[in-house]
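First comes the structure, then the notes that go with it.
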Amino acid sequence: MTTNENKFQEIISHAKEYGFVFPSSEIYDGLSAVYDYGPYGSELKKNIRDYWWKSMTQLNENIVGIDAAIFMHPTTWKASGHVDNFSDPMIDNRDSNKRYRVDHLIEGLADKLEDEGKNQEAEALISEMDRLLAAEDYAGLKELIATNNIVCSISGTGNWTDIRQFNLMFSTQLGSVAEDADTIYLRPETAQGIFVNFLNVQKTSRMRIPFGIAQTGKAFRNEIVARQFIFRMREFEQMEMQFFVRPGTEGEWYRYWKEARLQWHLSLGISADKYRYHDHVKLAHYAKEACDIEFEFPIGFKEVEGIHSRSDFDLTQHQLFSKKKMQYFDNDVDPATGKPYGNYIPYVVETSIGLDRMFLLILSESYEVETLTKDDGSTDNRVVMHIPAKIAPVKLAVLPLVKKDGLPEIARELMNDCKPHFRCFYEEKDAIGKRYRRQDAIGTPFCVTIDHQTKEDQTVTVRHRDSMLQERISLKDVKEMVLKNLL
Ligand SMILES: Nc1ncnc2c1ncn2[C@@H]1O[C@H](COP(=O)(O)OP(=O)(O)OP(=O)(O)O)[C@@H](O)[C@H]1O
């Protein structure tokens with residue numbers, strides 16, 4: 001295992017040990033690529049979702065939110081193209097019976113070439129793969145796998161089947177009697193709930209173009225190669241925003257959101273050199289332009305968010321299949337004609353980020369095993385999660401130094417004062433150093449210790465997670481100090 005793979009495994013263990021993420025139904029040995037979030041994980045996940053929601057809806061007056069159902073009329077998915085097109089080319093190894101996504105198999109070789117410093121060869125391989133995928137040339141792709149001697153990691157052989165398409169949607173039955181029941185799908189993306197509600201939202205919120213609709217919620221994909229922890233799950237959560245614009249302005253809005261979304265990531269204090277854009281060569285069936293924002297996970301640079309210029313594809317399709325007009329009347333005057341722009345189907349620029357992937361990004365970026373040198377020269381390790389304060393599961397730990405002498409009462413009073421404003425944690429048990437370490441491991445940015453001096457001068461010790469520096473501040477200033485750091 002490489003150092004990075006080790007780090008990834010350590011993060012997975014840490015996430016479980018400290019109540020961030022558990023395998024789903026673990027007592028039955030888990031369910032592949034499905035995970036549950038524990039006490040600290042569910043707080044962190046909620047905080048990331050809230051941070052996204054606020055930045056999209058509260059800070060943009062022209063973006064409103066919705067919360068659409070997971071089940072949708074089955075025709076939705078015919079109109080959107082998912083029934084016919086939402087599939088990945090797959091290939092099976094005849095000796096191990098293991099199934100691979102073709103792009104993952106080829107990317108695996110490209111990663112290996114990059115590790116060996118053969119960057120040009122890796123780039124050539126990826127660009128040839130993109131070309132063949134765009135042309136849907138499956139014989140060509142199989143040939144590419146063969147000429148590059150790509151073998152199955154289990155059997156070690158290149159005994160491959162032909163490449164086939166595999167649809168990723170989960171289906172189920174709506175209705176109680178099997179014969180009458182309709183096949184419906186668990187939504188594979190949240191976007192379609194926005195498109196079918198486009199006019200409901202536009203009319204009720206009296207939005208004028210350009211405007212956006214944001215939504216967070218579960219999506220389901222029967223991923224064939226589901227691995228890498230919460231990076232690729234079968235049930236996951238998306239945070240999507242569809243921005244409706246006048247045709248002809250989509251290029252400028254695409255560039256705007258491409259930049260704005262990267263800035264959102266950087267606003268969490270994550271270093272810019274951990275990010276890069278990946279512009280798509282092979283475009284999805286609806287896209288005019290598309291790119292991914294990639295982050296350097298311990299398993300390499302990978303997509304965390306997609307920005308897609310989707311043209312008027314989705315609304316046009318829904319108009320066609322539902323026979324309901326999906327048009328907008330624009331009474332702004334076109335300077336070229338001197339007349340209103342009139343009726344049209346808006347173009348759409350979408351930003352789509354996986355909440356679980358963003359969660360993994362935060363874990364990967366925050367996790368550190370620090371070696372500390374003690375006064376006597378010996379060393380010790382501390383595991384610390386440098387989670388940005390504004391999304392940390394717990395913001396403040398309140399720790400009376402001892403369980404007596406009136407200190408718990410003062411600590412409880414502070415808890416009661418802070419609790420309504422942010423998540424606090426109270427603990428009396430164990431030596432103070434041990435308590436600090438437990439808070440480091442879940443990423444609590446501030447610990448406050450109430451000691452005997454507090455009774456005399458109303459001051460407390462604040463201990464900062466990242467620097468481990470301690471300072472004495474007035475008891476009455478604690479709440480404001482924390483709040484200031486959450487902005
Ligand atoms: N199986 C999954 N598990 C977790 N998150 C996912 C999964 N599929 C997609 N996402 C998240 O949703 C976002 C938007 O979905 P989109 O359809 O653009 O992904 P995608 O391009 O199909 O992803 P990938 O190429 O990794 O399969 C992705 O950037 C990712 O963060």
Side-chain angles (χ1 to χ4, degrees), residues 21 24 31-37 45 48-49 52 77 80-82 85-90 100-108 111 126 129-130 133 165-170 186-194 214-242 254 257-258 261-262 264-265 275-287 289-295 297 299-310 313-314 348-364:
V21 182
S24 162
L31 183 65
S32 167
V34 186
Y35 290 88
D36 298 339
Y37 287 82
K45 192 175 169 196
I48 298 172
R49 190 195 295 111
W52 181 89
W77 306 109
S80 68
H82 283 79
N85 292 313
F86 195 57
S87 50
D88 282 329
M90 312 293 306
Y100 294 86
R101 246 173 80 169
V102 168
D103 55 341
H104 288 171
L105 201 58
I106 298 172
E107 277 163 8
D111 286 347
I126 292 294
M129 173 185 84
D130 282 344
L133 281 170
Q165 290 283 351
F166 188 94
N167 196 295
L168 302 181
M169 282 198 293
F170 284 100
L186 298 187
R187 67 180 176 197
E189 61 174 30
T190 57
Q192 298 305 323
I194 294 180
Q215 171 166 227
T216 70
K218 288 270 173 131
F220 304 83
R221 296 182 187 178
N222 197 3
E223 300 279 3
I224 301 312
V225 189
R227 57 195 157 115
Q228 296 167 331
F229 191 40
I230 56 172
F231 182 82
R232 189 170 301 285
M233 302 157 89
R234 297 202 164 104
E235 173 180 341
F236 58 101
E237 196 164 333
Q238 288 187 313
M239 306 189 287
E240 297 200 296
M241 192 280 295
Q242 312 292 323
Y254 171 73
W257 282 111
K258 191 172 164 180
R261 290 305 304 151
L262 183 59
W264 179 84
H265 287 261
Y275 284 97
R276 71 181 187 194
Y277 288 117
H278 169 75
D279 293 310
H280 285 202
V281 181
K282 176 190 187 299
L283 293 174
H285 59 277
Y286 52 76
E289 268 184 290
C291 73
D292 299 334
I293 295 179
E294 293 187 342
F295 175 79
F297 289 94
I299 45 176
F301 268 102
K302 304 255 177 227
E303 166 180 350
V304 63
E305 172 156 8
I307 324 292
H308 311 123
S309 179
R310 289 177 83 127
F313 173 82
D314 303 85
V348 171
V349 175
E350 161 187 83
T351 73
S352 173
I353 175 168
L355 175 53
D356 313 86
R357 241 178 238 189
M358 188 62 204
F359 184 104
L360 181 60
L361 183 159
I362 295 294
L363 289 192
S364 311

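Nothing fancy with the numbering, it's 1 onward along the sequence. Whatever order the structure lists ligands and atoms in, that order sets their numbers, starting from 1.
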Just by distance, with hydrogens left out, do His265 and Glu305 show a side-chain donor and acceptor under 3.5 Å apart?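 Looking only at side-chain atoms, Glu305 and His265 do form a donor-acceptor pair, the distance falling under 3.5 Å.
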Donor + acceptor pair across side chains of Glu350, Gln242 (<3.5 Å): yes
Show which atoms of ligand 1 fall inside a sub-4.0 Å distance from at least one heavy-atom site of [X].
X: Met233; value: 1 (N), 2 (C), 3 (N), 4 (C)
X: Gln238; value: 12 (O), 14 (C), 15 (O)
X: His308; value: 18 (O)
X: Glu305; value: 29 (O)
X: Glu223; value: 1 (N), 2 (C), 8 (N)

To the nearest 0.5 Å, what is the distance between [atom1] on [X] and [atom2] on [Y]?
X: Asp279; Y: Ile307; atom1: CG; atom2: CD1; answer: 10.5 Å
X: Leu360; Y: Ile230; atom1: CG; atom2: CD1; answer: 4.5 Å
X: Glu189; Y: Gln238; atom1: CD; atom2: CD; answer: 6.5 Å
X: Arg101; Y: Asp88; atom1: CZ; atom2: CG; answer: 4.0 Å

A cation-pi test, strictly: NZ or CZ of Arg261 under 6.0 Å from the centre of the six-membered ring of Trp264 and no more than 45 degrees from its axis. Yes or no?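 Yes, Arg261 and Trp264 form such a contact.
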Taking the six-membered ring of Phe170 (Phe, Tyr or Trp), confirm whether the NZ or CZ of Arg221 is under 6.0 Å from its centre and within 45° of its axis. no
Heavy-atom distances under 4.0 Å decide this one: backbone, side chain, both or neither, for Val304 against ligand 1?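 Under 4.0 Å from ligand 1, Val304 contributes backbone atoms alone.
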N/O separation below 3.5 Å, Gly354 to ligand 1: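 For ligand 1, there is an N or O atom that lies under 3.5 Å from one belonging to Gly354.
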Test your reading of the structure: does Arg221 have an N or O sitting under 3.5 Å from an N or O of ligand 1?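 Yes; the residue has a nitrogen or oxygen that sits under 3.5 Å from a nitrogen or oxygen of the ligand.
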Shortest reach to atom 4 (C) of ligand 1 by a heavy atom, considering only Phe295, Phe220, Phe231: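 Going through Phe295, Phe220, Phe231 one by one, Phe231 has the nearest heavy atom to atom 4 (C) of ligand 1.
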Look at ligand 1 and say whether Arg101 reaches it with a heavy atom at a distance under 4.0 Å.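 It does; at least one heavy atom falls under 4.0 Å.
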For [atom], what is the closest protein heavy atom, and at what distance to 0.1 Å?
atom: atom 14 (C) of ligand 1; answer: Ser352 OG, 2.9 Å
atom: atom 5 (N) of ligand 1; answer: Phe236 CD1, 3.5 Å
atom: atom 29 (O) of ligand 1; answer: Glu303 OE2, 2.6 Å
atom: atom 27 (O) of ligand 1; answer: Arg232 NH1, 2.8 Å

Please report whether the ring centroid of Tyr35 lies less than 6.0 Å from that of Tyr37. no
